[in-house]
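One structure below.
As the structure lists them, so they are numbered: ligands from 1, and atoms in each ligand from 1. Just so you know, these numbers use all the heavy atoms, side chains as well, and skip hydrogens, waters and symmetry mates. It should be emphasised that the depicted structure is a prediction, and the values quoted were computed from it without experimental measurement.
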Amino acid sequence: MDYLEITGGKKLSGSISIGGAKNAALPVIAAAILSDQPTEIENLPNVVDIRTLLRLLDILGAKVEHEGNSVRIDAGSIRSTRAVYEIVSQMRASILVLGPLLTRFGECEVSLPGGCAIGQRPIDLHLKALEAMGAKIEIKGGYVHAVAPEGGLQGAKVIFDKISVGATENTLMAAAMAHGVTEIINAAREPEIVQLCEMLQAGGVTIEGIGTGRLSVHGSGGAPLHYNKPISIIPDRIEEGTYLCAGAITYSTVTLERINPEHLQSTIDKLETMGCHCDVQGDRVTLFPPNGRLKEVHIVTAEYPGFPTDMQAQFMAVATIASNESLIEERLFENRFMHVSELNRLGADIWLKGNVAAVRPVDQLYGADVMATDLRASSALVLAALAAEGTTRVRRIYHLDRGYEDLQGKLAALGADIQRKKSQA
Ligand code: UD1
C-alpha cells in the first residue's frame, strides 16, 4: 500500500492549477444515463471515485471512452439496470444512478450503500422523493428495488425535511424525464447542484429557481435528454480550499489558478479571520499569510452557502498552530472527527465534546506515523505534516486518491518535501 512521506517546515511558493470538482462530476456522469446519445464531459478530475462511477456505467452497458480529463459516455447501449454491490459498496455516491435509471427505464435495482467512516448516511430522503413521484420501492437482499408507475414517474411536490445534496440530485434527475412538473422544496443550493441543473437545461428540461432552495422541474415526459455540447466540470472548491490551507499552515504565499472565487467565499472569510489575506483577480486567488501568528477561528459547518463540512478537517489542522483556542462544530455528519486523534499524534491539543472540537493552540507540531480515515481527514493530516517538524508518514492514502488528483505532485510543485512511497507490508 502506498503512503506519503512528508518532511515539514518548508515554505511553499508559486502557483498551481485547480481541477474539476469530483462532487460536480459524479452527478454529471449519472445524468448521462438520461440520454440515449453520447454525452461529452470535460475538465473531469482524474481520481478514483470518478473511475469507479464510470466502471459502474460500463457494467450497465454504456460505452465509456475515458481519456485523461475527458470522457464520452454513450448510455444508448445500457442493457442492465442493476447497480451491483461490488461497486456501490466502494463509493456511496453510486446511489446517484438510482433516479436516472428509474426514470429512463421504469425499473432498477441499486445496492444499498451502507454506512461509512463519517457517519450513518441514510438514503431515506432519496427514496421518499421517488415514492412521491409514484415509484414503488422495496428493499430486498441489500438492494433498493424501484419500479415506476405505468407510463413513467409523475411530477410531484417533494418537500425535504433536511437539506441533502445527493437526494436533491437524485430527485432532479428523476424529475427531468418524469411527466409534469416536480417542485423540490428545501433543495440543496451547492454549486454542484447548479451545474447539474444547467446540464439538464442544456439537455432540454426547463428548471426554475436554479441556485435557490425551491426548484421546479418541467419533465420531458419520458423523452431522453440530448446534450449537444460538451459539459465542462466546475472548479473544485474543496481542492481550492485545501491548497489555501496549505499556504496558511506553512505561512506561505501561494496562488491558485482556474478557480471560481464565488464558490470559495466562506473559506476565504475564515482564512481572513485567521489573519491571512486572499487577493482574488478574476479566476486566480493568492493567499498571503499573516505577518504575525495565525489567529483562532470559530466554525460551524452548514449547507451551502455556509461553511462546507468538506473543509472542516483542513481548518482544524490549520487551527492547531493558531495563537488562541478555536472552536469547530460539525453539524452535518455525526462522526466526522476521525482526524482528531491522528492530529493529536502530531502534537496537536484537540478536545472533543459531542460534535464540538476545542482546538487548543500548540507552538509546534511534530512528525509521526498517522493513518488516514476518510477523504478530507487525509488531507488534514497532509496539511499538518507540512507544518510539522520532522517527517510524517501518512498511511492509507487510498482515501486521498478517491478525491484529489495528484495531490503530492501539486504540493511538490509548490515546494513541499513530499514523496509517495510503497510500504513492504
Ligand atoms: C455530499 C458530498 C459530500 C459532502 C456532503 C455535505 C458528494 C458526492 N458528496 O454528500 O462530500 O460532505 O454532500 O455537503 O457530492 N441525509 C439523510 N437522509 C438522506 C440523505 C442524507 O438523513 O436520505 C443526511 C446525511 O446523513 C447528512 C446530511 O443529510 O447528515 C447531509 O448529507 P447529504 O447532503 O445527502 O450528503 P451527500 O450527498 O451524501
Proximal ligand 1 atoms for Leu26, defined as those under 4.0 Å from one of its heavy atoms: 8 (C)
Where ligand 1 meets Leu125 - atom numbers and elements under 4.0 angstrom, heavy-atom basis: 17 (C), 18 (N), 19 (C), 20 (C), 23 (O)
Where ligand 1 meets Ile123 - atom numbers and elements under 4.0 angstrom, heavy-atom basis: 19 (C), 23 (O)
Check ion pair Lys140-Glu109 (N to O, under 4.0 angstrom): no
Arg92 N/O to ligand 1 N/O under 3.5 Å: no
Ligand 1 versus Phe333: contacting region, heavy-atom distance under 4.0 Å: side chain
All pairs passing salt bridge (Lys or Arg N to Asp or Glu O under 4.0 Å) where residues 203-226 contributes a residue, at least two apart: Glu183-Arg214
Stepwise side-chain contact (heavy atoms from CB on, under 4.5 Å) test for Leu26 and Met91: CA-CA 11 Å; Leu26 291 168; Met91 186 185 64; 4.1 Å; yes
Ionic contact status for Arg420 with Asp401, cut-off 4.0 Å: yes
Glu5 with Lys421: basic N within carboxylate O range, under 4.0 Å: yes
Pairs where residues 63-74 contributes a residue and the test side chain to side chain donor-acceptor pair (under 3.5 Å) is met, not counting sequence neighbours: Asn69-Glu405
Gln312 heavy atom under 4.0 Å from ligand 1: no
Residue Arg395 excluded, over 12 heavy atoms near CZ under 6.0 Å: yes
Side chain Asp279, main chain Thr286, donor-acceptor under 3.5 Å: no
Shortest heavy-atom approach to atom 18 (N) of ligand 1 - which of Leu96, Asp124, Thr309: Asp124
Contact atoms of ligand 1, heavy-atom distance to Gly166 under 4.0 Å: 35 (O), 38 (O)
Any N/O pair Lys22/ligand 1 closer than 3.5 Å: no
Within-shell test, Lys162 vs ligand 1, heavy atom, strictly < 4.0 Å: yes
Contact atoms of ligand 1, heavy-atom distance to Leu332 under 4.0 Å: 6 (C), 27 (C), 30 (O)
Distance filter under 4.0 Å to Arg336 heavy atoms, resulting ligand 1 atoms: 12 (O)
CZ/Arg51: more than 12 non-hydrogen atoms of other groups inside 6.0 Å: yes
Ala167 heavy atom under 4.0 Å from ligand 1: no
Ser164, any N or O under 3.5 Å of ligand 1 N or O: yes
